[in-house]
Asks: 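Quick one: the structure is below, and I'll ask about it shortly.
The figures here come from the full heavy-atom set of this structure, side chains too, leaving out hydrogens, waters and symmetry mates. Order of the sequence lines sets the chain letters (A, B, ...), proteins ahead of strands, with each chain counted from 1.
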There are 2 protein chains.
Amino acid sequence: MLAHSPNGLMIRKLESIFPLSDEERQVLSELPIQVTAFRPDQDIVRVGDHPFQCCLVLQGFTCVYKLTAEGKRQIVAFHVPGDIPDLQSLHLKVMDNSVATVSPCTLGFIPHETLHDICNRYPRITAAFWRETLVDASIFREWMTGIGRREAYNRMAHLLCELKVRLEAVGLVEDGTFDLPITQAELADAVGASTVHVNRVLQELRADGLIRSKGTQVSILDWAGLKAAGDFDPLYLHRRRDGNA
Amino acid sequence: MLAHSPNGLMIRKLESIFPLSDEERQVLSELPIQVTAFRPDQDIVRVGDHPFQCCLVLQGFTCVYKLTAEGKRQIVAFHVPGDIPDLQSLHLKVMDNSVATVSPCTLGFIPHETLHDICNRYPRITAAFWRETLVDASIFREWMTGIGRREAYNRMAHLLCELKVRLEAVGLVEDGTFDLPITQAELADAVGASTVHVNRVLQELRADGLIRSKGTQVSILDWAGLKAAGDFDPLYLHRRRDGNA
DNA sequence: CGCTCCCTTGATCGTTCTCAAGGCCCGTGG
DNA sequence: CCACGGGCCTTGAGAACGATCAAGGGAGCG
């Protein structure tokens, strides 16, 4: 399996939540993917757009965000290599959110037509993509309960737990350490807090011995403690290895 | 079209977001649906369950909720007649949230097996159900940005706008008036606020001449004003009539 | 070497929570 | 018919989490 090719990455990610047959892997590995590099903070698609293709993250982090009338931003999701941030656009023709790069990114683009075609011929691939959008929705639910009912300290811990688990699925964590090229302002937009408060919360997490950070590298020092602080149960990520079918 | 039959209601709701052919309508109208009555505040499925069927709301309101370790509840969605609150369970075998009745309800149940069978034979019905789950996800995104970035007053206005539009799609609004059998405590769990604060916010909305309420009946007195207060743009509901494909 | 972006810190303000209690409506039972 | 009880709504007051405002410091880059 070409884990370093765009297709191999996508397959690896899909397989972390859905079992694929050899034939299905083969079909997916032959999908034409057009690769493009992006700088940080570039919009990929915007609210109101009618995309004709989906975007696969190959390197870097992207985010899905919405703006309020007052101009405040809420990041509703981060996406890491292997993810498809706008997979929904396959069936929702108008974007109700924007997608942007957070760090420098390499992105792959796949035309809707190609995806529709492959879905028509391989119902189980339809199911795999559908399932991927359902896991995204599950993450939305989890974030929402965090923002609505947990304090900022716990939300931040939760976010770090989630990113660690998701990055692990694509081999981007070593010894509890991973690269997190996300500014505190962006973390703030994600957890629904102010930049200042996020800064203080991160200091607390460090002071409590849960994490350490050096530049954009984050190390989890106390996984059990961080999970407890974040009230984190990976069930909602619906990974196959957690006993989810 | 039997708009009063369980199947007719489901079809009407689906058609508000997805165009169906005569044949597809026919197939859906023949789905066997087992109808059961529920009292208020009854769990229909719980976190950790492995459901073998999906639940269609026929009468009343249901909610999807999650609990934090501290026992706080976040309602992440309300569902009204025509909706399928646990459609996700078709592809996510373990429930990551619970579903409960809010008011007295009539619910219809459809085995997963039946749904999978129909999806295999009618790819466009697959697409319709997939799309329904995508619209649910879009609503999660919108709620999340509200909870994260809007104040309680605006969130409450937004929620009322959304319910009005969704109830309209199934013919449950007359002259801007609809039945809202949801307690203030439940509204609080949905907008991520305390019961006390929701009470005050509702008083403000009434004082501002935006709504009126009598018992469980809510009347929208100033639709434009309520939309403005809620920063409400129905785009995210992806109804066909809003120019969404 | 200076600019810009990001992180950090201090102080004040405010939305919202929590605690506590009183009132209303309505169904139940005597 | 009326007393009782239990939800649910309402109100008040104090506390807290977190926002906002303001400013300084560090690191990378041209």
Asks: Could you pull out the protein-nucleic contacts involving nucleotides 16-18 of chain D (nitrogen or oxygen on both sides, under 3.5 Å)?
Replies:
{"from": "D/dG18", "atom 1": "OP1", "to": "A/Ala152", "atom 2": "N", "distance (Å)": "2.9"}
{"from": "D/dG18", "atom 1": "OP2", "to": "A/His197", "atom 2": "NE2", "distance (Å)": "3.2"}
{"from": "D/dG18", "atom 1": "O5'", "to": "A/His197", "atom 2": "NE2", "distance (Å)": "3.4"}

Asks: Under the ring-ring contact (aromatic ring centres under 6.0 Å, His included) test, which residues partner A/His158, sequence neighbours left out?
Replies: A/Phe232, A/Tyr236
Asks: Closer than 4.0 angstrom, basic N to acidic O: yes or no for A/Lys164 and A/Glu168?
Replies: yes
Asks: Going by the rule side chain to side chain donor-acceptor pair (under 3.5 Å), which residues pair with B/Asp83 if we only count those two or more places apart in sequence or in a different chain?
Replies: B/Lys13, B/Arg166
Asks: Would you work out how much the helix from C/dC7-D/dG24 to C/dG30-D/dC1 bends between its ends, with each end axis defined by five base pairs, to 10 degrees?
Replies: 40°
Asks: Not counting sequence neighbours, which residues clear side-chain contact (heavy atoms from CB on, under 4.5 Å) with A/Asp233? List them please.
Replies: A/Leu235
Asks: For nucleotides 7-11 of chain D, tabulate all protein N/O to nucleotide N/O atom pairs closer than 3.5 Å, reporting atom names and distance.
Replies:
{"from": "D/dC9", "atom 1": "OP1", "to": "B/Gln184", "atom 2": "N", "distance (Å)": "3.4"}
{"from": "D/dC9", "atom 1": "OP2", "to": "B/Gln184", "atom 2": "N", "distance (Å)": "3.1"}
{"from": "D/dT10", "atom 1": "OP2", "to": "B/Gln184", "atom 2": "NE2", "distance (Å)": "2.8"}
{"from": "D/dT10", "atom 1": "OP2", "to": "B/Asn199", "atom 2": "ND2", "distance (Å)": "2.5"}
{"from": "D/dT10", "atom 1": "O5'", "to": "B/Asn199", "atom 2": "ND2", "distance (Å)": "3.2"}
{"from": "D/dT11", "atom 1": "OP2", "to": "B/Gln203", "atom 2": "OE1", "distance (Å)": "2.5"}
{"from": "D/dT11", "atom 1": "OP2", "to": "B/Gln203", "atom 2": "NE2", "distance (Å)": "2.8"}

Asks: Looking at B/Arg155 and B/Glu142, does any basic side-chain N land under 4.0 Å from a carboxylate oxygen?
Replies: no
Asks: Answer yes or no: is there a donor N or O on one side and an acceptor on the other, between the side chain of B/Thr68 and the main chain of B/Glu70, under 3.5 Å?
Replies: yes
Asks: Name all residues meeting the side-chain contact (heavy atoms from CB on, under 4.5 Å) criterion together with A/Arg206; count only those two or more places apart in sequence or in a different chain, and write none if there are none.
Replies: A/Leu202, A/Gln203, A/Ile211, A/Ser213
Asks: On DNA chain C, which is the earliest and which the latest nucleotide, 5' to 3', with an atom closer than 4.0 Å to a heavy atom of chain B?
Replies: C/dT15 to C/dC19
Asks: Filter on ring pair (Phe, Tyr, Trp, His ring centres under 6.0 Å), then keep only pairs touching residues 176-216 of chain B, sequence neighbours left out; what's left?
Replies: none
Asks: Quick one: are A/Val99 and A/Cys63 in side-chain contact, heavy atoms under 4.5 Å?
Replies: no
Asks: Which pairs with one or both residues in residues 37-48 of chain B pass side-chain hydrogen bond (donor to acceptor under 3.5 Å, both in side chains), sequence neighbours excluded?
Replies: B/Asp43-B/Arg46, B/Asp43-B/Tyr65
Asks: Indicate every side-chain donor-acceptor pair of residues 102-109 of chain A with a distance under 3.5 Å to a residue at least two apart or in another chain.
Replies:
{"from": "A/Ser103", "atom 1": "OG", "to": "A/Phe61", "atom 2": "N", "distance (Å)": "2.9"}
{"from": "A/Thr106", "atom 1": "OG1", "to": "A/Gln59", "atom 2": "OE1", "distance (Å)": "3.3"}

Asks: Using side-chain contact (heavy atoms from CB on, under 4.5 Å) as the criterion, list what pairs up with B/Ala169, not counting sequence neighbours.
Replies: B/Ser16
